[in-house]
Amino acid sequence: MSNRMVTVEGLGKRYKLGGPTGFDPRARMTENLKRITGGKREDFWAVRDVSFTLDRGEAVGIIGRNGAGKSTLLKMLSRITVPTEGRFTIDGHVSSLLEVGTGFHPELSGRENIFLNGTILGMRRAEVRRKYDEIVDFSGVQKFIDTPVKHYSSGQKVRLAFAVAAHLEPEVMIIDEVLAVGDVEFQRKCLGKMKDVANSGRTILFVSHNMSAINSLCSRCVLLDAGRVEAMGEPGAITSQYLNKNNDELTGEKDLSSSPISSDGAGRITHLRWTNTNGKVIDHAQVTQAFDLEVDFEIAERGYKPQPVALVYNSKGEQAFMTFPAKATTPPSRDVTARACTSPPTSSTKTHTT
Amino acid sequence: MRITVDAKHWKVLPDLRELFAHRDLFLTLAIRDLKVRYAQTVLGLAWAVVQPLATLIIMSLIFGRAVEVETGNVPYPLFAIVGISAWSYFAFVLKESGGSIIGAQEIVRKIYFPRLIIPLSKAAVGLMDLLVALLMMVALFVWYGVSPSAHLIFAPLYLVLIIVVALGTGIWISALSIRFRDLQHVVPFMIQFGLFITPIAYPASKITASVPHWVQVLYFLNPMAGVVEGWRWSILGLGDPGGLCILSLVSGAFLFVTSFIYFRSMERVVADLV
């Protein structure tokens, strides 16, 4: 038996800009006129010329900026949308998880939704019945299993949905950012489950913005840019190529020197700089890396004592942590830089003045 | 199992084997709809009886008593319930499957399965109503002490034809409404209009006796016209299932076959359109 599970050759998807014209005769006519007069139709290739292969048991991560074509690629491989060019072959049973809880119906009970979601994900009813107890155990919502899902908290809903998904037994699994839901504890649980899946010899195709998840889960990584494969190879190398590439377009520095004085008249921030520990400006950092945040500010009110506090959010908008000043600072001069250096989860803060 | 998708090759007909492989999903979706339909209603399942019963009473009053439609030896309510059973199923399938793909867009955008499962499961839910109407029909036979016609052996055939015509129309509309949402506004009108141009409340002989031949041809191009006439012939022995009724069977079969082909062509673009 061959070990080649997935073969993708020259896959591409074109969208017409401005949405589908449908049957609107006027839109059709304009389009035809454009073609006759040699004008270019406004096409957009979401994915173009993508080729790669996956062997049995491989876990391949797909990364790239928003709009790089990751989701379109997964949608084609999940057969939700049809490619405009190219072809692919998948040997074996596929499950695709582009979200958790697809098809959940609010009026139905947890039990009924397990069957609904399970069969939508491609399980047989008998299979769901067999795994039912395990699924309920895993979800931790035993008490509410006969309550309509509309009365569940969003956390309970997600846990139930993930419990169903975790009991799929496909040979090839296609996953899109499923880890982006739920709290930290839940994400850890998901990641753990995915590692189990990867180690059990199943083939995984995984899209994520979570570089550490890609690094720890995947044996190979594909970097997409503007719909094309920019690089492919060992995850560590590819993820750092991706992160460094983004560093060329810095957003980690902000000049606020023209900002007005704060409403309480205390002062204003004039410059923000986010740097790595070598002093290089960055706009991206792993939560495990130390980084510096430099804040230049002016004090308008004599004797005002600033307390530098930084709230740090991750790319999903969740608050990652908060810094507190170790001790109150007494700025001697007009220009002060507060420097907060953190390396979570035990975040230390030091402030110093220049 | 091996899946191959090639941009250059697209099958014109739906893959029936794949459809069969998804029978559990079909069943689950049908069960879901049945359960959701009467969730948080006071009367619950009784609604399945109330609706056809109300139609039957109104029709009997208007066409049986007031207009006095000629139905031979058959009591008018019995005459009417035969037509109502067929029509209410047809109307249900049209109404439900029409917007079914749009209604399932959340799922359609996130996961693959043969999309035909969606309108098919809606049509299956309607069988419940059909069953209720048939039970009412049996009750009326007992009530009036009438025995069914000797053609009853053909009744199952016409029952299948009713389902085939309803499916064909429903699948067409569900596929069309992906691109033309206008259909959602047309369907209620079609159902209302169709009730007049189908021999539900009156026998088809009323039409053949009163309008020129070319109008009759148009009338029987409506696939439900001939099928309902035949359905009633098989149960009550009234009317003539031959003649122009054959035209209905042809147009019904045409609708059924082409619906699958058109649906398949829409399946290709559905996730990009909904």
Side-chain angles (χ1 to χ4, degrees), chain A residues 6-13 15-16 19-20 22-24 75-109 112-113 115-128 148 171-172 176, chain B residues 1-11 15 18 20-41 103-115 117-118 121 176-183 264-274:
Chain A
V6 181
T7 312
V8 180
E9 295 167 87
L11 211 58
K13 175 81 183 178
Y15 286 106
K16 282 176 193 152
F23 197 66
D24 182 5
K75 272 189 171 178
M76 281 192 280
L77 296 176
S78 314
R79 291 198 290 162
I80 293 166
T81 185
V82 179
T84 316
E85 59 177 31
R87 72 197 66 76
F88 67 86
T89 307
I90 300 177
D91 280 295
H93 186 61
V94 192
S95 283
S96 60
L97 285 175
L98 301 197
E99 68 175 1
V100 281
T102 305
F104 258 41
H105 199 291
E107 296 287 349
L108 297 179
S109 70
E112 288 157 341
N113 269 306
F115 278 89
L116 183 58
N117 189 232
T119 44
I120 285 176
L121 291 175
M123 282 196 244
R124 307 295 311 274
R125 286 180 72 85
E127 196 182 341
V128 181
E171 289 159 284
V172 180
D176 186 9
Chain B
M1 200 172 76
R2 168 173 248 214
I3 298 160
T4 303
V5 173
D6 192 324
K8 290 198 196 74
H9 299 107
W10 181 260
K11 288 194 207 100
D15 184 344
E18 189 189 28
F20 184 69
H22 284 80
R23 61 191 179 279
D24 279 24
L25 177 59
F26 162 79
L27 191 65
T28 312
L29 289 180
I31 293 173
R32 174 197 70 179
D33 286 348
L34 268 179
K35 282 190 172 153
V36 170
R37 210 165 145 201
Y38 300 111
Q40 286 200 358
T41 59
Q105 52 179 295
E106 292 302 320
I107 306 178
V108 166
R109 274 200 294 246
K110 292 294 179 191
I111 198 128
Y112 173 80
F113 54 87
R115 310 309 189 192
I117 294 281
I118 300 170
S121 70
L176 276 170
S177 58
I178 295 169
R179 187 157 268 168
F180 314 111
R181 303 259 168 130
D182 317 56
L183 258 296
R264 178 71 185 150
S265 78
M266 286 311 291
E267 209 171 12
R268 191 188 166 92
V269 290
V270 59
D272 299 332
L273 286 179
V274 296

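Only this structure's heavy atoms are used, side chains among them; waters, hydrogens and symmetry mates stay out. A, B, ... follow the sequence lines: proteins, then strands. Residue 1 opens every chain.
Nearest heavy-atom pair, B:Val36 versus A:Leu108, reported as atom, atom and distance to 0.1 Å: CG2-CD2, 3.8 Å. When all heavy atoms are compared, the tightest approach of A:Pro83 to B:Ala7 is O-CB, 3.5 Å. Heavy atoms only, all atoms of each residue included: B:Val5 and A:Arg79 are closest at CG2-CD, 3.6 Å. Of all non-hydrogen atoms in A:Val94 and B:Ile3, the two that sit nearest each other are CG2-CD1, 3.6 Å. Taking all atoms of both residues into account, the shortest heavy-atom contact from A:Val82 to B:Arg268 is CG2-O, 3.2 Å. A:Arg87 and B:Lys8 make their closest contact through NH2-NZ, 3.8 Å (heavy atoms, listed as atom of the first residue, atom of the second, distance).
With a threshold of 4.5 angstrom between heavy atoms, A:His93 approaches chain B through its backbone and through its side chain. For chain A, the nearby part of B:Ile31 is the side chain; its heavy atoms alone come within less than 4.5 Å. Neither the backbone nor the side chain of B:Val270 has a heavy atom closer than 4.5 Å to any heavy atom of chain A.
If you take OG on A:Ser109 and NZ on B:Lys35, they are separated by 6.5 Å, rounding to the nearest 0.5 Å. Summarising the geometry, atom CG belonging to B:Leu27 is positioned 11.0 Å from atom CZ belonging to A:Phe115; distances are rounded to the nearest 0.5 Å. Atom OG1 of A:Thr119 sits about 9.5 Å away from atom CZ of B:Phe113, to the nearest 0.5 Å.
The choice from A:Met76, A:Lys13, A:Met123 that makes the most heavy-atom pairs within less than 4.5 Å of chain B is A:Lys13. Among A:Leu11, A:Ile80, A:Thr89, A:Leu77, the residue with the largest count of heavy-atom pairs under 4.5 Å with chain B is A:Ile80. Between chain B and the residues A:Val128, A:Thr102, A:Thr7, the largest count of heavy-atom pairs under 4.5 Å involves A:Thr102.
Salt bridge status for A:Arg125 with B:Asp24: absent, with no side-chain N to carboxylate O gap under 4.0 Å. With salt bridges taken as basic N to acidic carboxylate O contacts below 4.0 Å, none links A:Glu112 and B:Arg32.
A:Arg124 is not listed as a side-chain neighbour of B:His22, based on a closest heavy-atom distance of 4.5 Å or more. A 4.5 Å side-chain heavy-atom check between A:Ile90 and B:Arg2 finds every atom pair outside the cut-off. A 4.5 Å side-chain heavy-atom check between B:Leu29 and A:Leu116 finds at least one atom pair inside the cut-off.
At a cut-off of 3.5 Å, with distance as the only test, a side-chain donor of A:Thr81 or B:Asp272 sits close to an acceptor on the other residue.
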Query raised in the report: Which is it for B:Ile111 and A:Leu121 under the side chain to side chain contact (heavy atoms under 4.5 Å, CB included) test, yes or no, and what are the steps along the way?
Result: CA-CA 7 Å; B:Ile111 198 128; A:Leu121 291 175; 3.4 Å; yes

